Amino acid sequence: MKRRFLFLVLAISISYLINTYYIDHLLNIFKIMSNVALILNRVSLALLCYLIFEVIFIDKKIVWDNLIAKSFLVYFIWLIGLLFGRVSNLADYRLDEHFNFSTHLPKWINHWDNPLVRYYIVGNILVYLPFGFFICYYKNLKYSILYCLLLIILFETLQGVSNLGYFDIDDILLNSIGGLMGILLMKGFKAFFLAK
């Protein structure tokens with residue numbers, strides 16, 4: 001019990017240091033994150049650190065079902081903070097301005113040398129890669145793809161309606177690529193590491 005408590009304190013400390021000296025600065029570039037997002041980011045990083053300590057030092061024999069479930073929970077807390085932890089300005093909110101159905105990806109690809117374009121494209125792909133990875137652990141290929149698409153569309157719609165972001169067709173395309181990459185990674189992971 002003392003060991004678990006020590007690892008929890010250590011995980012919280014590591015999360016605080018990483019967030020304070022690196023991630024907060026990175027997120028400040030976008031100047032859109034609220035205190036809720038910062039707190040959820042700290043919680044999810046602390047849980048991830050604790051999970052790593054648990055796997056390495058406490059539960060030496062990996063139980064994949066537990067590890068995947070706990071990792072999925074950590075990821076989901078982080079995802080909610082990222083997607084819905086933005087600062088909103090309800091006074092200026094107009095619903096019609098929060099839904100974009102035209103793509104700008106071909107233009108952005110031509111500006112790949114711009115760091116913000118790279119952050120946007122790569123970030124939108126990577127953010128749903130873990131979701132595809134985790135959902136494919138529990139579901140077959142067809143349902144994994146369906147659940148990924150439904151969650152992406154649901155979250156994009158909620159962002160547009162809530163004034164905590166935008167419904168953007170480019171986000172849906174890039175997020176879907178990330179989700180599909182995660183699904184394919186889990187298929188490979190199952191074939192090599194979880195084959196009976």
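Bear in mind that the values here come from a model prediction, so they are computed numbers and not experimental data. Side chains included, hydrogens not; waters and symmetry mates left out as well; all remaining heavy atoms used.
- A chain of hydrophobic side-chain contacts below 4.5 Å, direct or via other Ile, Leu, Val, Met, Phe, Trp or Tyr residues, connects Leu40 to Leu47.
- Contact check for Leu48 versus Trp78: no side-chain heavy atoms found under the 4.5 Å cut-off.
- Residues Phe167 and Ile172 form a side-chain contact, since some pair of their non-hydrogen atoms from C-beta on lies under 4.5 Å apart.
- For the atom pair OG of Ser44 and CG of Leu79, the computed distance is 10.0 Å after rounding to the nearest 0.5 Å.
- Put simply, CD1 on Ile12 and CZ on Phe7 are 14.0 Å apart, with the number rounded to the nearest 0.5 Å.
- Judged by distance alone, the side chain of Ser144 and the main-chain N or O of Lys139 form a donor-acceptor pair under 3.5 Å.
- Taking 4.5 Å as the limit, every side-chain heavy atom of Phe133 sits out of range of all side-chain heavy atoms of Ile183.
- Phe101 CZ: more than 12 foreign heavy atoms inside a 6.0 Å radius.
- For Lys190 (side chain) and Leu185 (main-chain N/O), no donor-acceptor pair under 3.5 Å exists by modelled atom type.
- Annotation: side chain of Leu174 is in contact with side chain of Tyr120 (closest heavy-atom distance under 4.5 Å).
- Distance CD1/Ile135 to CG/Asn140: 10.5 Å, rounded to 0.5 Å.
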Next item on the list: Applying side chain to side chain contact (heavy atoms under 4.5 Å, CB included), run through Trp112 and Ile121 and close with a yes or a no.
Entry: CA-CA 9 Å; Trp112 187 252; Ile121 292 174; 3.8 Å; yes
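- Ile177 and Leu184 are not part of a single hydrophobic cluster, where members link through side-chain heavy atoms under 4.5 Å apart.
- Atom CG of Asn124 sits about 10.0 Å away from atom CG of Leu173, to the nearest 0.5 Å.
- Using modelled atom types and a 3.5 Å distance limit, the side chains of Asp171 and Tyr166 yield no donor-acceptor pair.
- At least one side-chain heavy atom of Leu51 sits under 4.5 Å from a side-chain heavy atom of Ser71.
- Judged as a salt bridge (Lys or Arg N to Asp or Glu O under 4.0 Å), and not counting sequence neighbours, Lys187 has no contacts.
- Pairing each heavy atom of Cys49 with each of Ile14, the nearest pair is SG-CG2, 3.7 Å.
- In the hydrophobic clustering of this structure, Ile145 does not group with Tyr143; members are Ile, Leu, Val, Met, Phe, Trp, Tyr whose side-chain heavy atoms approach within less than 4.5 Å, directly or through other members.
- Counting only heavy atoms from C-beta outward, the side chains of Glu156 and Asn175 approach each other to under 4.5 Å.
- Side-chain contact check for Tyr75 versus Ile80: every heavy-atom pair is 4.5 Å or farther apart.
- Taking CG from Leu8 and OG from Ser13, the interatomic distance works out to 9.0 Å, rounded to the nearest 0.5 Å.
- The cluster map of Ile, Leu, Val, Met, Phe, Trp and Tyr, joined by side-chain heavy atoms under 4.5 Å apart, puts Leu180 and Ile125 in different clusters.
- Side-chain contact between Lys142 and Leu146 is absent, with no heavy atoms from C-beta onward closer than 4.5 Å.
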Note to self: Would Val117 and Lys107 count as a side chain to side chain contact (heavy atoms under 4.5 Å, CB included) here? Give the steps.
What the structure shows: CA-CA 10 Å; Val117 170; Lys107 287 188 265 184; over 6 Å; no
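- When the side chains of ILVMFWY residues are joined at heavy-atom separations under 4.5 Å, either directly or via intervening members, Val43 and Ile52 end up in a single hydrophobic cluster.
- Tyr50 and Ala11 get closest at one heavy-atom pair: N-CB, 3.5 Å.
- Phe131 meets the ring pair (Phe, Tyr, Trp, His ring centres under 6.0 Å) test with Phe72; sequence neighbours excluded.
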Next item on the list: Before giving the answer on side chain to side chain contact (heavy atoms under 4.5 Å, CB included), spell out for Phe53 and Leu6 the whole-Å C-alpha distance, their side-chain angles and the decisive distance to 0.1 Å.
Entry: CA-CA 10 Å; Phe53 291 143; Leu6 176 66; over 6 Å; no
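- Distance check: Glu54 CD to Lys70 NZ gives 3.5 Å after rounding to the nearest 0.5 Å.
- At least one donor-acceptor pair closer than 3.5 Å links the side chain of Ser15 to the backbone N or O of Arg42.
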Donor-acceptor pairs are to be reported for all side-chain atoms of residues 148-155 against protein atoms at under 3.5 Å, with residues two or more places apart or in another chain.
none

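- Remark: Tyr138 OH is packed, more than 12 non-hydrogen atoms of other residues, nucleotides or ligands lying under 6.0 Å away.
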